[in-house]
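Small disclaimer: the values here were computed from a predicted structure and weren't measured. The chains referred to below are lettered A, B, ... by the order of the sequence lines, with proteins before strands, and numbering in each begins at 1.
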Amino acid sequence: MIAYLIRRLLYALPILLGVNLITFALFFMVNTPDDMARIHLGAKQTTAEMIQAWKAARGYDKPLFYNPAADGVAALTDTLFVQESLKLFTFDFGLSDSGRDIVADIRQRMGPSLALAVPTFLLGLWVNITLALAVVLFRYTAVDRMALVAAVVMMSISGLFYIIGGQVLFSKVLHWVPISGYQPGVEAWKFLILPVLIGVVSGIGSGLRWYRTLFLEEVNKDYVRTARAKGLSEWRTLGRHVLRNGLLPILTGVVVVIPTLFMGSLVMESFFGIPGLGSYTIEAIQGQDFAIVKAMVFLGAVLYIIGLLLTDIAYAWADPRVRFQ
Amino acid sequence: MSLVVLWTDALVWLLVVMLTLWSRVALRDRLVRERWQQVFASGMATASALVLLAYVSIALLDSLHFRLADGQVRSVLDLLFSHLLVQTERTYSAPFATIEYVKSVVQQNGTLQQVYQPLHHVRPDQFWPDVVWGLVTGLSVTGVLWLLRQRFSRFFANSIFARAPRRTFWFTLGLIVTMLSLMWWLSRDFHVFGTDKVGNDVLYQTLKSIRTGVLIGTLTTLLMLPLAVSLGVMAGYFKGWVDDLIQYLYTTLNSIPGVLLIAAAVLVMQGMLETNPHWFGSVEERADLRLLFLTLILGLTSWTGLARLLRAEALKLSQVEYVTAARALGAGHGRILLRHIVPNVMHLVLIAVVLDFSALVLAEAILSYVGVGVDPTMNSWGNMINAARLEMAREPVVWWSLTAAFIFMSIVVLAANLLSDRIQQVFNPRN
Amino acid sequence: MMRVMRWMLIGLVLWLSGCQQPWNSPYPAGLSGEAVIFRAFSAPPKHLDPVVSYSANEWGIISQVYEPPLQYAYLQQPYALEPLTLTAMPQVRYLDAQGKPTNPEQAVYSEYVLSLRQDVRYQPHPAFIADNRRLTQAQIEALETPYDLPKHGSRLLRAQDYAYAIKRMGVRAYQSPVLDVLAQHIVGLREYAKKVSQDFEKWKENHPNGGFFDLRPYTIEGVRTLDEHTLIIRIKGRYPQFLYWLSMNFFAPIPWEVDAFYSQAGMKAKNLTLDQWPVGTGPFMLVENNPNFRMRLIRNPNYHADTYPCKASPGIPQGLLADCGRPLPQVETVLYTLEKENIPYWNKFLQGYYDASGVSSDAFDQAVQLSSTGDIGLTPAMREKGIRFLGGVQPTIIYFGFNMLDPVIGGLDDKGRKLRQAISIAVNMEEYISIFLNGRGVVAQGPLPPGIFGYESPPQGLNPVIYRWENGHLVRKPLTVARQLLAEAGYPGGIDPNTGQPLKLYFEAVGSGPDDQARLAWLRKQFAQLGIDLVIRATDYNRFQDKMRQGQGQIFMWGWNADYPDPENFLFLLYGKNGVVASGGSGVNYANYHNPAYDRLFEQMQTLPNGPERQALIQRMVHLVQQDAPWIFGFYPRSLALVHSWYHNAWPNMMANNTTKYLRVDTQLRVRKQMEWNRPVVWVLWLVAALLLSAVAGGVWLYRRRQAQTGRAAP
Amino acid sequence: MAEILRVENLSVALRDGTEIVREVDFTLRAGEVFALVGESGSGKSVTALALMRLLPAALRITGGAVHLQETELLSLPEAQMQRVRGRRMAMIFQEPMTALNPVMRVGAQIAEVLKLHLGLKGRALRQRVIALLDEVGIPDPHIRMDWYPHQLSGGQRQRVMIAMALACEPEVLIADEPTTALDVTIQAQILQQLKRLQQRHGMAILFITHDMGVVAEIADRVAVMYQGQIVEQADTRYFLTAPKHPYTQRLISNALPQKALKPAPKNQPLLQAKNVRVWFAQRKGLLQRTIGHTKAVDGVDLTIRPGETVALVGESGSGKSTLGMAILRLLALTEGQLLFDETVDLATLSERQLRPLAQGDSGDFSGSLFGAQPPYDHW
């Protein structure tokens, strides 16, 4: 088991290297370091010396992949890519292009991100599973058909509609919650309630449909009939037997997401002004702060890989038939 | 007047030709044909397919461009709705309104006054005549088709609609045709969905957005499919180092947060377009190229999901008896892949295609919000929603752009979803 | 279970009845009742270090903390400077090459003598305690803000602190954006910068972990301190605009202790830097800085004697003088909240959670209405809320530039000029202002905006190429004139004789916001009136700047915001030596306009004091560019801010940044209004709850019914 | 003997009205085994499910009555019917592989019935589960009760099912082809077990099967179902010796072996497998070192002549399939020779060289040889 995990983790290294390669290639194709310098120094009165100083301060004055000025191996290692990539692997994200420490920023922003993402995730999971079980309980009846149609209709609506509509209705018209913003600590619930609600509601359509299919598949299996033959009521059959087995395939899709919750939600955070990592990333893209973008991409990749690993572990834990070979 | 072929035009027509050929070949197989007939035995599926067909037809009409004498590039759809291009107002007006939405200062009798200015291109007295004409045209076209159905009876008997519920078929067809004709007639004398900030007709924008949506949905899939199918199936079938390599590739791509990857790629693309201005001669061509690249990027980043699915399926199939049997009987890898594996995963591909279509239409809106969507000069639902965000904050609210985009977008996504549901139901080997 | 329910119910009732503040208040309870100003910032300020900071949103904050020697008088028009930390305006001495006093005409150097007030103290800060400059790693690790340290000190402002700030500017690695500009003026700054930058690089190699790089031993030839209260700055030649520089934050004092404090190893990784935590002598101090979320200024207890002005220029409402003589600042706290999107910002303003707001063009007709005389007034809905508006023309010009180096559109010959003139007539800026700005702009007649010396309003200043004066109104020349000019330029009907096709011109567009599409469509329509096909080349800001620097663009839209209210700051945008291509990318003359006659006049005008002589020169220059039309002189934007009834003393002084200290809020009124405007609609909540409950009940009923079913098929 | 279960005119139909079971009548007496016989599709299982009211959604009961002692089951509300199932009437299903919940420990699955109907808890519950497992012949029941179904063999799983069904000492046990899916040796054990348990608990068993051998061994009385109807009911003795209905006669005569054994042909061997070994490496640790081998096929000799069918018999997991795959070169041989036509050694040919041979290969290829087990899909 331990050996298996270590092997998986080692396998992550080439993936992360590949991720870095793609990020660097893409971003330096977009912007030369000169461009970045100009953005960050502002438009007025920017001189060549200032640009040079800016690049030197961030190590952007080295060539990207191949340094013809250095000899031997150094030609490949004394490059922007190798130097910056290696730093990432030690989780030393350095300073953002505007000079703030990225790790400190991430630490500051992960709180709000998690405060939004975790309740949305858990509540969404709970709501979707409950609804799906309820629908399966009334399967092949009018309730089921109506729920299915409703789910498809809800799926067909762009998430942006939910957000815009929710803000107008609950904040502007009904005055229930603040339109946007955030407060650290306990007061945060006031700001989170609407985005969480919208996050959950916009996810119901696809969630309900997907879980319903999974549960329906389980409901027709032999062991469910056994459970019924034992005298279990329909509700308990679903709750005790179908749910556990139906959750197995759900695990694959769900566990992999858990670590990436950390990254926050790009759109939600921006719309609701929640100072999390999602809006951090968007700001970095829009402001073309490469240092942040590469850090976030790297972090995202690491979390994704952890998610895959967790999925394996969760599977082994939840399904006694699966053991690591 | 000369034909202008934009890149995406060429591709989308190529897609149509390929689909037609493929369906003719595929439907020759009785089993396949029966499967499809079974799909459309459901009224819901038939209606959905007709709706999708209507969208695709509008997109195709909008993908046939001409250069007019005055040098403007226009599509057939533009020509059909040419009146909407001319009938622009000054600023916002509500659907079917006769006056502008906001007051403006005008000089009247020597003094400046604040009034609701009348719209230029609205004739309120024409409402009922337009409705009548719309109904008459729509119903008569449907009627003529219905009368001609005997002529097409052979076509019907063999087509995939052979077992479609006739009443649903004709009702949906009639409804679509009538709605379109009503829209056309009314749009001559009214702004059916109002006008936007600079007085352009919203109905026209919405209709033009159909092409963008459909193209993103279909072309992306077209570009993604070969990659997803070949890599996914190969990984699952060959296993070993081929599998390792392909898995490495898609795990790496997958582990980059999607929006970041797309955003970066779009920015690269913009840079490329900037440094190569000779690739395009006009605004339309530029926007078109950008759309093409966007679909390319979406295709390159979205193949991983399907590939993963296909890999798992191919892995299962390669263990299945008849594949083993084929191998035991000495069939080569290529032959097994083409004859035994690929046909047996096609239902997955199909479902993925239809579902992806709706997902991509939705994704376009989000991408436009992040600022990496289609060209801002291009009509698209994403751009409309994006603009509508500001309009929703107004008091009184300017709701029609959002509503128009919402209606048109939801209908197509809904149709695609319902159809994919049905396909899944019929093609799923478990049922 | 029941008990939990009961407690929840009791809690809910308490919460509903408690009602210290509305449900949708984004602030902690009770805060609205304190002397707090609520503001928003749309993007995190990147730099709060005055040596780098150069953008409006950053200055909005640090100007409340730092005090440069001079400030703009709050209620004076036109813009005028007054001493801030000085006892009087700086004295100027003119010197010859040997440093002897001479008359202004023969001056080789000029010297500015600054005498400091002796009652100016720094805000309390740990840096002034020597122990705090020798912290252990563990101590630093435990810090979230510098104010977490228990002991805070302060000291008097010294002339050396100003000198220290100028020395910091010289260190290349600190990236001061104005170093190269000021090095042209301050004697010895360039040489000093070279030396100190080299030393710094060397020092950095030996101190990879950071540390204090002490600038005190260095000297700049042109910057001297006579004693603790007198600073002398020597500049090359005559440069009257230098006084304006002394009001900018680049000249804010930096105590060396603070530099030493923040330079301690480990501070940077905690984001504890001068760039994040400013330390100044101003009315406020920054005690909370989370640029990702919120910033908080509180009153500086050591702030020197400063009172509300008792004089206002004519034309400024005398009601603003009600607080005359009161000590400043008048509020305890300024709370800045990050608000990235326009929509929530505007809505929160309407709900009373922000004290002031701009007016986006989309909110415009909701807020503002043009009165019968064409003046701007508020809509009844706004007036009912007691909202007032403040507005004024900004010292800014937005223009459409033509690249004069372009073979088609450029050139000083007749062909290019007439083409440009034709386009200038066709592009209807009045329409642009009315559609996209809701009238919040004034059509520009030349490069100088109102409020700047040398500006002349029509009919005197009218641009004769484009406008006529009829019956006391500006009238744009008809399109026929434009078409005539176009034909004369060699493109009859807009057809390019070389291709036989419509003339194709290129517009370099930036950005892809929701509004841009409409804007670009409008622009194409304007060109189409002449039969010209305008091709939009949209790109990002980088690529755009790149193109501009290489002189590759054809037509572009850009703007210029005054650094200081002097005509030189605008006219140099068309000075030949400032050509962006000619200067290798550092100039700001993006049109690459180069007219020797204009350049000669500019050089003469530059050093003259404001007066009739200068006025005449400027008139000639403006006339020249009106004829050459290197720009479509777009418009001068009009700023428009809305403020609530409880917000007092706000006045749009476009140059002054440190105006927060003058403001006052009526907190009781604010609390009352917030309550009144934000009553939650509660019955809908009950309705939703009832619906949910009935859905659950329906489910239970259905299940019960099924549990009661028998095995026989229903008949 | 007392009547425990009386089924009167029971009919089951599809939603569209097609009748699957038509007016079935029979009674079950205390302490007897009543066999319901018929080929697949005759409606036996549907009848059983109808008694339990566990019909799939597509089917419904259209008429008749089911009396369990004095209770009429069909008119009970569902809630009360749940108290009958597992408590008074229990059921065992055909497929022991799928009839147990794969993610629940077997002990817990048994305990569930006890908790539900008898309200047992804690130690008493555990003891009862162990006793039940012990009673059905599971060794080390205190350990096995914490096992998952997949860790048990097919026979053991069926025993668990039986234990579950017996847990509340029901009056009626319905066994729906409980032994069909099992190996012959285990079949017999299970049958004996059932018989013994029935005698001990004195319950009535409704035994559903298509296997005449099983009927002979276990049933007291037999009813034959054909196309949804009971065509004959009799005591087992009379039934086997003097069937009356033509269908029954056919059924009984088919059950006996008909064909004589074929003599072996004496040709040249077509395929000779000599000392075939197929070993799979067991890998372990970070570096995936091989630490041992699973010897799936270890030194097998086999000769097949033209026109000959060689049957390879053995328990599952004995290596039959592996050998077959190895001969077809679908698996690599660890050691050994495969002589085709006495000349070509298949073991040394490349895949391309193999192909022409494969085209003409007369090798036996039986579908059931290959149990597909997709490996667990990781990334």
Side-chain angles (χ1 to χ4, degrees), chain A residues 11-12 14-19 21-23 25-31 35 148-149 151-153 155-161 163-165 167-168 172 205-206 209 213 217 220 256 260 263 266-267 270-271 278 281-282 284-286 288 293 296-305 307-308, chain B residues 44 244 247-249 251-261 263-272 355 358-359 361-366 368-372 381-382 385-386 388-389 391-393 395 397 399 402 405-406 409-418 420-421 424 428 430:
Chain A
Y11 185 39
I15 290 179
L16 289 176
L17 210 64
V19 168
L21 201 67
I22 295 175
T23 339
L26 277 179
F27 264 81
F28 282 93
M29 270 157 83
V30 182
N31 285 321
D35 288 332
L148 199 59
V149 172
V152 177
V153 171
M155 267 179 78
S156 311
I157 298 171
S158 167
L160 295 177
F161 288 116
I163 298 176
I164 297 173
Q167 279 189 332
V168 168
K172 210 177 147 186
S206 54
R209 217 163 71 126
T213 319
E217 204 164 289
N220 294 322
V256 85
T260 50
M263 299 282 289
L266 300 184
V267 177
S270 302
F271 264 99
T281 313
I282 287 247
I285 294 176
Q286 283 163 354
Q288 308 200 341
V293 170
M296 292 310 285
V297 168
F298 186 81
L299 195 63
V302 169
L303 291 171
Y304 178 75
I305 290 167
L308 291 174
Chain B
M44 198 75 110
D244 286 342
Q247 278 198 59
Y248 170 74
L249 204 64
T251 314
T252 306
L253 271 178
N254 254 357
S255 54
I256 300 179
V259 179
L260 286 181
L261 186 60
V266 168
L267 291 175
V268 171
M269 164 198 78
Q270 272 174 315
M272 259 158 62
L355 273 183
S358 61
V361 172
L362 293 176
E364 191 261 329
I366 301 276
S368 292
Y369 167 71
V370 183
V372 293
W381 292 314
I385 296 173
N386 213 356
R389 282 167 44 223
E391 294 169 353
M392 291 302 285
E395 193 86 40
V397 167
W399 46 271
L402 190 71
F406 173 79
M409 200 168 144
S410 296
I411 287 178
V412 68
V413 175
L414 190 63
N417 267 310
L418 290 173
S420 79
D421 262 10
Q424 199 155 12
N428 192 340
R430 270 194 290 261

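Taken to the nearest 0.5 Å, the CZ atom of F298(A) stands 12.0 Å off from the CD1 atom of I256(B). We find the CD1-CE distance between I157(A) and M409(B) to be 10.0 Å, quoted to the nearest 0.5 Å. Atom CZ of R209(A) is separated from atom CG of D421(B) by 4.0 Å, given to the nearest 0.5 angstrom. For the atom pair L160(A) CG and I385(B) CD1, the distance stands at 5.5 Å (nearest 0.5 Å). Rounding to the nearest 0.5 Å gives a distance of 11.5 Å between OG of S158(A) and CH2 of W381(B). Rounding to the nearest 0.5 angstrom, the gap separating the CG atom in L16(A) from the OG atom in S255(B) is 7.0 Å.
If you tally non-hydrogen atom pairs under 4.5 Å between each of L418(B), N254(B), L249(B), L253(B) and chain A, the highest count goes to N254(B). Taking I411(B), V412(B), V361(B), L402(B) one by one and counting their heavy-atom pairs under 4.5 Å with chain A, the maximum is reached by L402(B). Most heavy-atom pairs under 4.5 Å with chain B, from the set A284(A), G300(A), G165(A), S156(A): that is S156(A).
For the pair Y304(A) (side chain) and T252(B) (backbone), a donor-acceptor distance under 3.5 Å is absent.
Using a 4.5 Å heavy-atom threshold, the side chains of M296(A) and P257(B) count as separate. Considering only heavy atoms from C-beta on, L261(B) comes within 4.5 Å of I22(A) through its side chain.
Both the backbone and the side chain of A365(B) come within contact range of chain A, judged by heavy atoms closer than 4.5 Å. Of the atoms belonging to V19(A), heavy atoms from both backbone and side chain fall under 4.5 Å from chain B. Neither the backbone nor the side chain of T260(A) comes within contact range of chain B; no heavy atoms are under 4.5 Å apart. Of the two parts of S410(B), the backbone and the side chain both hold a non-hydrogen atom closer than 4.5 Å to a non-hydrogen atom of chain A. Looking at F271(A), the atoms closer than 4.5 Å to chain B (heavy atoms on both sides) sit in the backbone and in the side chain alike. Of the two parts of I164(A), only the side chain, counted from C-beta on, holds a non-hydrogen atom closer than 4.5 Å to a non-hydrogen atom of chain B.
Residues satisfying the side-chain hydrogen bond (donor to acceptor under 3.5 Å, both in side chains) test with N417(B), not counting sequence neighbours, are none.
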